[in-house]
Amino acid sequence: MKNAPMVAPRDTVSAAIQAAAARGRPALVGFLTAGFPNRLGFKDNLAAVAGVCDVVEIGVPFSDPMADGTTVQRASYVALTGGVTLPWILEELASLKERHSAPILLMSYLNPLLSIGLDVLPRAAAAAGVAGFIVPDLPFEESGDLKRALELEGLALVQMVTPVTPPERLAMLCREAKGFVYAVTMTGTTGKSAEVPLDVLEYMDRVKRCSSVPVCAGFGIRSREQIARFAGHVDGVVVGSALVEVLERGEDVGAFLRSLRETP
């Protein structure tokens with residue numbers, strides 16, 4: 001009897017988001033900056049986020065986080081000052097006694113990935129239980145080498161789209177996306193609160209029509225009211241800066257995340 005085919009790591013991301021959406025609620029993708037507010041708390045904070053969220057996005061701190069607002073910029077600075085690097089993150093993940101059920105993605109700018117080397121990165125990431133990458137400063141036209149390297153280990157390269165992405169490009173990015181399509185709610189950086197007007201929902205509907213993988217809305221999502229507004233228009237939502245601020249204040253991460261799913 002032949003062995004059952006193994007599920008590629010990238011497909012666990014899609015499956016987790018689709019399973020949550022099938023229960024009638026958008027999947028919750030929780031973002032935390034690795035090693036923030038300190039390195040010693042990383043594993044505990046990761047466990048708290050993974051215990052509630054359907055997918056976890058771990059930010060690799062970088063000195064010039066161009067897509068991030070002030071909250072994540074602060075977190076990156078603190079983590080870098082504390083000595084957090086991509087190799088350290090991979091070592092910490094690889095050393096976990098038990099893997100979390102929520103798939104893990106790394107959000108990294110391109111330079112840290114190139115520093116490790118595209119010949120080493122996919123294997124090291126897969127060994128650490130990473131299912132894929134989000135690389136906000138990597139244009140699609142320049143992503144071929146990374147995409148081919150990640151495919152060797154079945155890892156996702158998540159594509160990002162925005163409200164001003166032209167229709168032809170939107171269709172191309174949705175066609176090439178793995179794991180999910182990251183639909184940015186606004187132009188600009190992370191952290192600003194989004195009011196979720198009707199035109200944003202119509203934009204999400206356009207992305208959904210183009211995509212064969214789940215669609216998650218991100219940037220500025222802070223409340224259960226916003227998440228409820230997105231229901232039916234996306235498969236999931238990314239909560240980033242608001243979650244980082246909870247960590248910054250030393251508050252209960254699990255309680256905050258659970259509150260996003262409670263009815264008022």
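Computed over heavy atoms, backbone and side chain alike; hydrogens, waters and symmetry mates excluded. Along the sequence shown, the residues carry numbers beginning at 1.
In this structure, Ala231 and Pro26 approach most closely via the heavy-atom pair CA-CG, 3.9 Å. Smallest separation of non-hydrogen atoms from Pro37 and Asn45: CD-ND2, 3.9 Å. Smallest separation of non-hydrogen atoms from Leu138 and Ser143: CD2-CB, 3.7 Å. Contact between Arg229 and Pro197 at its shortest, heavy atoms only, is NH2-C, 4.1 Å. Scanning both residues, Leu150 and Ala156, for their nearest heavy atoms gives CD1-O, 3.7 Å. Summarising the geometry of Thr165 relative to Leu170, their closest heavy-atom pair is CG2-N, 3.6 Å, with the distance given to 0.1 Å.
For Tyr77, the side-chain contact (heavy atoms from CB on, under 4.5 Å) test picks out Thr81, with sequence neighbours left out. Judged as a side-chain hydrogen bond (donor to acceptor under 3.5 Å, both in side chains), and not counting sequence neighbours, Arg206 has no contacts.
In this structure, Met172 and Phe140 have side chains that are in contact, with non-hydrogen atoms separated by less than 4.5 Å. For the pair Ile134 and Leu106, the minimum side-chain heavy-atom distance is 4.5 Å or more. Taking the side chain as every heavy atom from C-beta outward, Val238 and Ile221 never approach each other to under 4.5 Å. In this structure the side chain of Ser211 never reaches within 4.5 angstrom of the side chain of Leu173, judged on heavy atoms. Annotation: side chain of Val200 is not in contact with side chain of Pro163 (no heavy-atom distance under 4.5 Å). Within the 4.5 Å cutoff, the side chain of Arg39 has heavy atoms near those of the Trp88 side chain. Looking only at side-chain heavy atoms (C-beta outward), Leu46 and Val56 come within less than 4.5 Å of each other. At a threshold of 4.5 Å between non-hydrogen side-chain atoms, the residues Leu28 and Leu260 count as touching.
Considering CD1 of Ile104 and CD1 of Ile89, their distance stands at 11.0 Å, rounded to 0.5 Å. In this structure, CD in Glu202 is found 4.0 Å from CG in Leu198, a value given to the nearest 0.5 Å. With rounding to the nearest 0.5 Å, the separation of OG in Ser259 from CZ in Arg224 is 6.5 Å. Once rounded to the nearest 0.5 Å, the distance linking CG of Leu155 with CG of Leu121 reads 8.0 Å. Annotation: the span from Ser108 atom OG to Leu114 atom CG amounts to 9.0 Å, rounded to 0.5 Å.
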Passes side-chain contact (heavy atoms from CB on, under 4.5 Å), Glu57 versus Tyr182? Steps please.
-> CA-CA 12 Å; Glu57 180 186 345; Tyr182 195 130; 4.0 Å; yes
For Arg169 and Glu141, what are the C-alpha separation, side-chain angles and deciding distance, and is it a salt bridge (Lys or Arg N to Asp or Glu O under 4.0 Å)?
-> CA-CA 11 Å; Arg169 186 172 184 81; Glu141 289 78 8; 2.6 Å; yes
Give the intermediate values and the outcome of side-chain contact (heavy atoms from CB on, under 4.5 Å) for residues Phe219 and Met160.
-> CA-CA 11 Å; Phe219 286 33; Met160 303 182 81; 4.2 Å; yes
Check step by step if side-chain contact (heavy atoms from CB on, under 4.5 Å) holds for Ile17 and Val213.
-> CA-CA 10 Å; Ile17 295 169; Val213 295; over 6 Å; no
Dump the intermediate steps for salt bridge (Lys or Arg N to Asp or Glu O under 4.0 Å) on Arg25 and Asp235, then the final yes or no.
-> CA-CA 8 Å; Arg25 59 168 177 79; Asp235 303 292; over 6 Å; no
Mind running side-chain contact (heavy atoms from CB on, under 4.5 Å) on Leu113 and Ile116 for me, showing each step along the way?
-> CA-CA 5 Å; Leu113 308 184; Ile116 286 185; over 6 Å; no
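The closest donor-acceptor contact from the side chain of Ser14 to the backbone of Gly179 lies under 3.5 Å. A donor-acceptor pair under 3.5 Å is absent between the side-chain atoms of Thr33 and the main chain of Phe36, judged by distance alone. When atom types are taken as modelled, the side chain of Tyr203 and the backbone of Val184 share a donor-acceptor pair closer than 3.5 angstrom.
Counted by atom type alone, Ser95 and Lys43 present one or more donor-acceptor pairs between their side chains at under 3.5 Å.
Note on ring orientation: taking the six-membered ring where Trp is involved, the planes of Tyr109 and Phe62 are parallel (angle under 30°, cut-offs 30° and 60°).
Under the side-chain contact (heavy atoms from CB on, under 4.5 Å) test applied with Phe31, the options Val72, Ile58, Val239, Val49 reduce to a single match, Val72.
No continuous path of hydrophobic side-chain contacts links Leu152 to Val158 [ILVMFWY only; heavy atoms under 4.5 Å]. Note: the hydrophobic cluster containing Leu80 does not contain Val78 (ILVMFWY, side chain heavy atoms under 4.5 Å, direct or indirect links).
Note on Glu245 versus Arg222: salt bridge recorded, some NZ/NE/NH1/NH2 to OD/OE distance being below 4.0 Å. Salt bridge annotation for Lys178-Asp11: absent, with no cationic side-chain nitrogen under 4.0 angstrom from a carboxylate oxygen. Salt bridge status for Arg261 with Asp54: present, with a side-chain N to carboxylate O gap under 4.0 Å. Salt bridge annotation for Arg74-Glu248: present, with a cationic side-chain nitrogen under 4.0 angstrom from a carboxylate oxygen. Ionic pairing of Lys147 and Glu142 is not present here: no N-O contact between side-chain nitrogen and carboxylate oxygen is shorter than 4.0 angstrom.
Summarising the local packing, CD of Glu98 is surrounded by 12 or fewer heavy atoms from other residues, nucleotides or ligands at distances under 6.0 Å.
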